[in-house]
Amino acid sequence: SSQPGLGWHGGLRYQLRLNKDWLLSSGISYLVQNDVGINQQTDSTFYNFGQEKVRIDDNSNRLDYLTVPLHISYQPTARHEIGLGGYVSRLVQVSQTIESIYSSAHKPTEVVVTNPDDFSDRFNSYDAALDLLYNYRFSPWLSVGVQLRQGFTDVTRDISNEFQKEHKN
């Protein structure tokens with residue numbers, strides 16, 4: 001969504017030094033995005049010898065991706081790096097919770113909570129994006145950074161336009 005969220009990623013990166021200050025890098029990483037804010041609520045009412053109501057809250061809380069980035073970076077010092085690039089990614093897991101509430105005049109209210117593993121009907125498997133990055137290098141093997149990303153496509157399969165194309169990485 002357009003709201004900032006915390007996550008983490010780790011992986012391996014290969015850098016090719018183009019000259020003293022410029023780098024070309026690529027690699028593979030595992031990316032976890034938390035608090036993605038992809039929620040869907042549906043309410044239904046049925047009349048079958050009395051009124052029955054069903055409310056379903058579908059919350060997708062976390063998306064896990066395998067990503068392949070490609071960046072060109074400027075490195076003014078050995079510890080600081082500023083870059084521009086993009087990546088392609090494959091969705092490997094979605095953490096979601098579906099809460100269904102069934103109420104009727106003939107039986108007590110029933111609440112069913114599930115955590116389905118199959119997400120292929122609601123999410124696109126592949127994504128691509130542009131990003132800006134800043135990395136601070138502690139050592140040749142460890143760096144910490146910040147990335148700003150703008151995805152090209154909606155990660156949801158939003159057939160009804162309910163999400164209004166706002167879920168881009």
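At a threshold of 4.5 Å between non-hydrogen side-chain atoms, the residues Ile28 and Leu66 count as touching. Annotation: side chain of Glu81 is in contact with side chain of Leu133 (closest heavy-atom distance under 4.5 Å). At least one side-chain heavy atom of Trp22 sits less than 4.5 Å from a side-chain heavy atom of Tyr74. In this structure the side chain of Gln33 never reaches within 4.5 angstrom of the side chain of Val155, judged on heavy atoms. Counting heavy atoms from C-beta on, the side chains of Gln15 and Gln75 never come closer than 4.5 Å.
When the salt bridge (Lys or Arg N to Asp or Glu O under 4.0 Å) test is applied to Arg90, no partner is found at least two apart in sequence or on another chain. Qualifying salt bridge (Lys or Arg N to Asp or Glu O under 4.0 Å) partners for Asp57, counting only residues two or more places apart in sequence or in other chains: Arg55. Not counting sequence neighbours, Arg79 has no partner by the salt bridge (Lys or Arg N to Asp or Glu O under 4.0 Å) test. Applying the side chain to side chain donor-acceptor pair (under 3.5 Å) rule to Asn19 yields no partners; only residues at least two apart in sequence or on another chain are considered. Remark: Arg17 engages no residue in a salt bridge (Lys or Arg N to Asp or Glu O under 4.0 Å) (not counting sequence neighbours). Taking Asp58 as the reference, Arg122 meet the side chain to side chain donor-acceptor pair (under 3.5 Å) condition, with sequence neighbours excluded. Residues meeting the side chain to side chain donor-acceptor pair (under 3.5 Å) test with Ser143, sequence neighbours left out: none. Thr67 is linked by a side chain to side chain donor-acceptor pair (under 3.5 Å) to Ser29, counting only residues two or more places apart in sequence or in another chain.
For residues 125-147, every residue pair satisfying the ring-ring contact (aromatic ring centres under 6.0 Å, His included) rule, not counting sequence neighbours, is listed here: His80-Tyr134, His80-Tyr136, Tyr136-Phe138. Contacts classified as salt bridge (Lys or Arg N to Asp or Glu O under 4.0 Å) and involving residues 103-112 (residues at least two apart or in different chains) are not found. Under the salt bridge (Lys or Arg N to Asp or Glu O under 4.0 Å) criterion, no residue pair touches residues 67-78, with sequence neighbours excluded.
Ile98 belongs to a hydrophobic cluster whose remaining members, ordered by chain and number, are Phe46, Val54, Ile56, Tyr102, Val112; membership requires side-chain heavy atoms of ILVMFWY residues under 4.5 Å apart, directly or through intermediates.
Atom CG of Leu12 sits in a sparse spot, with 12 or fewer heavy atoms from other residues, nucleotides or ligands closer than 6.0 Å.
No donor-acceptor distance shorter than 3.5 angstrom exists from the side chain of Asn135 to the backbone of Val146, with no hydrogens or angles considered. The backbone N or O of Pro69 lies less than 3.5 Å from a partner atom in the side chain of Ser26, making a donor-acceptor pair.
If you take CD1 on Ile82 and NE2 on His71, they are separated by 13.5 Å, rounding to the nearest 0.5 Å.
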